[in-house]
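Quick caveat: nothing in here was measured; it's all calculated off a predicted structure. Lettering follows sequence order; numbering is per chain, from 1. Just the heavy atoms: all of them, side chains too, but no hydrogens, waters or symmetry mates, feed the values below.
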Amino acid sequence: MHDIKFIKENRTDFEESMKKRNLEIDVTKLIEIHNSYLDLLNKVQKFQENKNLLSKKISKNNDLSSNEIKQISIEVRNLKIELENCKIESEKKKKELDEQLMQLPNLIDVKTPYGTSENDNKIIRQVGKKPIFNFKPKQHLEIAENLNLIDYKKAIKISGSRFSILKSELSLLHRAIMNFMLDNNTKFFQYLECSVPEMVKDDCLYGTGQLPKFGEDLFKTNFNNLWLIPTAEVPLTNFHREDIIDLKDLPLRYTTFTNCFRAEAGAAGKDTKGLMREHQFGKVELVSIVHPDDSFQELDRMIKCVEKILSELELPYKIVELCTADLGFSSSYTIDFEVWMPGQDKYREVSSCSNCKDFQSRRMKTRVKNFNNGKIFFPHTLNGSSLAVGRILIAIIENYQNEEGFINIPKVLRKYMNGVVQIKN
RNA sequence: GGAGAGAUGGCAGAGUGGUCGAAUGCACCGGUCUUGAAAACCGGCAAGGAUGCAAGUCCUUCCAGGGUUCGAAUCCCUGUCUCUCCGCCA
C-alpha cells in the first residue's frame with residue numbers, strides 16, 4: 001500500500017507510474033480525503049486530551065469533594081458525546097482513504113520497459129537449443145494419454161474440468177521434478193525449505209495484494225473464511241506479517257512446494273486441454289525478504305536460481321522482461337521465464353520473478369529494525385516460481401519425446417526416478 | 001465434539017480500577033574497568049500517528065470487536081487463536 005505522505009511529496013512520479021499502468025488516479029481527491037481526515041483527527045485528539053486531563057484531576061487530587069467529582073463526571077460525559085461523533089467521522093475518512101489506497105497497484109520501477117500489451121515485453125536472453133526432431137513432435141497430452149499416464153475421464157468425474165489425474169511414472173516424474181527443484185533451492189541457494197498451509201486468512205491476501213481486487217480468481221472455503229492459496233507467495237511472504245525483524249536476520253529466504261488454486265475466471269476457452277492451465281497445480285516457490293538496497297541484487301540471485309534448474313534440465317528457455325502493461329499488481333519489476341514447448345511450437349511461461357519492493361511489506365506491516373540506531377524501515381519482498389511443476393512436466397514430455405512416443409528422463413532427474421531412464425509402454 | 005487454562009514490549013514474564021506504556025530477566029546499544037576481550041558495575045532501549053525548524057508536546061495501542069466507569073492491561077459480553085486433559089481421527 002502506498003504511503004499517502006509519499007504521494008503528496010512525489011505527486012508527479014506517482015501519477016506517471018499510474019499512467020503507465022493505464023490508470024487515471026484522482027490524486028487531488030486522495031489528498032483532499034487525507035486532509036479532511038487530518039482535520040478530524042486533530043479534533044479527536046484534542047477532545048481526548050481534555051478528557052484525559054479531567055479524569056486525571058480526580059486521580060491526582062484526593063481531597064476533591066463528591067460534588068466536584070460529580071461535576072467532572074458530567075463534564076467528561078458531555079465531552080464524550082462530541083468526541084464520539086468526531087471519531088466516527090474521522091474513522092470514516094480513514095477507511096475511505098485506505099480503501100482507495102489498497103486498490104492502487106505498485107509503483108513501476110524505471111527499469112521496466114514501457115508497453116501497451118504483452119507484445120511489448122522485452123526478451124533479455126534466449127538460452128539453449130531447441131531439440132531437432134525427425135518427426136512431428138506431439139503435444140504432451142497425446143503422448144501422456146498414449147502411454148496411459150493421464151486420466152481425464154476420472155478427473156472430470158470426481159472434480160470436473162481443469163483437473164487431472166497423473167498416473168504411474170508420470171506422477172513419479174512430477175514428484176521427481178518437485179524434489180529436484182527444492183534441492184536446488186536449499187542446497188545451492190540457501191533457501192529455507194518449509195511446508196506451509198494452503199489455506200489462508202483474508203489478511204494474508206490483502207498483504208500480498210490479491211485482495212481486494214482479485215477475489216474472483218480465488219477459491220474461498222466455508223471454513224473460518226479461509227481461502228485456498230493461488231500461490232505459495234501468499235503464505236511465505238506473510239510469515240512476517242506485522243513483525244519487526246532484526247536487521248541482522250536479513251536476508252530471509254524461503255522455499256516451498258504447494259498446490260496452487262486458481263479459478264481461472266478470465267481464461268475461459270484458453271488452454272482447455274491438458275496440464276497447461278488447471279484449477280489446481282503444483283509449484284515450487286521462492287520468497288526473499290531483503291534490505292531495500294539489496295533487492296535488485298537479490299532478484300538477480302533468484303533468477304540464477306531458476307536458471308540453474310532450467311539449464312540442468314536442458315530445456316530451451318527465454319528470459320523476458322515484462323513491460324508496464326503486463327506487470328502484476330504488486331510488482332515493480334518482473335522477469336518471466338518461458339520454456340520451449342515443441343508440441344505447441346511455442347514458448348510458455350513457467351516462472352515469474354518479481355521485485356515488489358516495499359509495496360507488500362507496507363500492506364503486511366512487516367518492518368525491519370536496526371538495533372544499532374533504533375531505525376525502523378520496510379524491507380523489500382521478492383517472489384519467484386522455481387518453477388511451475390505441471391508446466392515443466394509438459395516441457396519435459398514434449399522436449400524429451402522420441403519417435404515411438406516414449407519419454408526420456410533428463411539426466412539430473414534420474415536419481416529421483418528410482419532408476420527409470422525412459423517412460424514407455 | 002466435551003472439560004479447563006490462557007493471549008502483555010525483539011523474547012521470557014509480572015501486573016485485577018487511577019501516579020501503568022507497563023516491574024523484572026534475557027537480548028541489544030552506550031559508558032566505566034581491561035593491552036584486548038569476558039565478567040562486574042552504571043546508563044539507555046516498544047510501536048503507530050498528530051503537531052513543530054527543532055527540542056519537545058499530545059493522541060492511540062497490553063489478541064480483536066463491543067460494553068460498564070469520570071478513569072480499564074485490570075471488570076462484563078462476543079469473536080478469534082493457542083495450550084492441557086478426554087473422545088474421535090490421517
### Task
Sorted by first residue and then second, give each side-chain hydrogen bond (donor to acceptor under 3.5 Å, both in side chains) pair with at least one member in residues 274-296 of chain A; sequence neighbours left out.
S164(A)-E278(A), Y191(A)-S288(A), T231(A)-K283(A), E264(A)-R277(A), D271(A)-R277(A), K283(A)-E285(A), S288(A)-E298(A), S295(A)-N355(A), S295(A)-H380(A)

### Task
For the side chain of E49(A), starting at C-beta, report the closest nucleotide among G10(B), C70(B), C58(B).
C58(B)

#### Entry: Which nucleotide in C28(B), G18(B), C59(B) has an atom nearest any side-chain atom of Q48(A)
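For Q48(A), the side-chain atoms sit closest to C59(B).
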
### Query
Does a side-chain N-to-carboxylate-O contact under 4.0 Å join R367(A) and D243(A)?
no

#### Entry: Phosphate OP1/OP2 of C81(B) contacted by N224(A) side-chain N/O (<4.0 Å)
yes

### Message
Tell me whether the side-chain N/O atoms of N52(A) come closer than 4.0 Å to OP1 or OP2 in C58(B).
### Response
no

Please give the distance between the [atom1] atoms of [N] and [M] as a whole number of Å.
N: U78(B); M: G30(B); atom1: C1'; result: 48 Å
N: C28(B); M: A46(B); atom1: C1'; result: 13 Å
N: U60(B); M: G66(B); atom1: P; result: 15 Å
N: G6(B); M: G13(B); atom1: P; result: 14 Å
N: A72(B); M: C63(B); atom1: P; result: 15 Å
N: G52(B); M: C58(B); atom1: C1'; result: 11 Å
N: G44(B); M: G56(B); atom1: P; result: 15 Å
N: C26(B); M: C81(B); atom1: C1'; result: 27 Å

### Query
Which heavy-atom pair separates L322(A) from T112(A) by the least distance, and what is that distance?
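That closest heavy-atom pairing would be O-CG2, 3.4 Å.
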
### Query
Taking all atoms of both residues into account, what is the closest heavy-atom pair of I229(A) and P197(A), and its distance?
CD1-O, 4.1 Å

### Message
Checking side-chain polar atoms at under 3.5 Å, does Q190(A) have a donor or acceptor matched by the opposite partner on R301(A)?
### Response
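Q190(A) vs R301(A): donor-acceptor pair found between side chains.
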
#### Entry: Residues forming a salt bridge (Lys or Arg N to Asp or Glu O under 4.0 Å) with K19(A), sequence neighbours excluded
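Not a single residue meets the salt bridge (Lys or Arg N to Asp or Glu O under 4.0 Å) criterion with K19(A).
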
To the nearest Å, how far apart are [X] [atom1] and [N] [atom2]?
X: F47(A); N: U60(B); atom1: CZ; atom2: P; result: 14 Å
X: N370(A); N: A27(B); atom1: CG; atom2: P; result: 19 Å
X: D249(A); N: G10(B); atom1: CG; atom2: C1'; result: 10 Å
X: E242(A); N: C81(B); atom1: CD; atom2: P; result: 16 Å
X: I72(A); N: G18(B); atom1: CD1; atom2: C1'; result: 13 Å
X: K248(A); N: C28(B); atom1: NZ; atom2: P; result: 7 Å
X: H240(A); N: G10(B); atom1: NE2; atom2: P; result: 15 Å
X: L53(A); N: C58(B); atom1: CG; atom2: C1'; result: 10 Å

### Task
Please name the residue in the list I396(A), I143(A), I423(A) that meets the side-chain contact (heavy atoms from CB on, under 4.5 Å) test with Q401(A).
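One option only clears the test, and that one is I143(A).
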
Decide if the gap between the ring center of [X] and the ring center of [Y] is smaller than 6.0 angstrom.
X: F281(A); Y: F261(A); value: no
X: F296(A); Y: Y333(A); value: yes
X: Y254(A); Y: F239(A); value: yes

### Task
Report the secondary structure of RNA chain B in dot-bracket form, marking unpaired bases with a dot and bases paired to a different strand with |, and treating Watson-Crick or G-U pairs with both distances under 3.5 Å as paired.
((((((((.[[[..)..(.....]]].(((((.......))))).((((((....)))))).[[[[[..)....]]]]])))))))....

Name the pairs: protein N/O against N/O of nucleotides 61-69 of chain B, kept only if under 3.5 Å.
none

### Task
Please name all residues satisfying ring-ring contact (aromatic ring centres under 6.0 Å, His included) with F371(A), sequence neighbours left out, ordered by chain then number.
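With neighbours one apart ignored, the set is empty.
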
### Task
Anything under 30° is parallel, anything over 60° is perpendicular, the rest tilted; go ahead and classify F337(A) against Y317(A).
tilted

#### Entry: E398(A)/W340(A) under side chain to side chain contact (heavy atoms under 4.5 Å, CB included): CA gap, chis, key distance, verdict
CA-CA 9 Å; E398(A) 295 192 2; W340(A) 176 243; over 6 Å; no

Can you pull every protein N or O that's under 3.5 Å from an N or O on nucleotides 44-51 of chain B?
from	atom 1	to	atom 2	distance (Å)
A46(B)	O3'	K369(A)	NZ	3.3
A47(B)	OP1	K369(A)	NZ	2.9
A47(B)	O3'	R367(A)	NH1	3.3
A47(B)	O2'	R367(A)	NH1	3.0
G49(B)	N2	Q45(A)	OE1	3.4
A50(B)	OP2	K5(A)	NZ	3.4
A50(B)	O2'	N42(A)	OD1	2.1

### Task
Check every strand shown and say whether D246(A) touches a base, only sugar-phosphate, or nothing at a heavy-atom separation below 4.0 Å.
nothing

### Query
So which one's nearest nucleotide on RNA chain B is more toward 5', K201(A) or I69(A)?
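The answer here is I69(A).
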
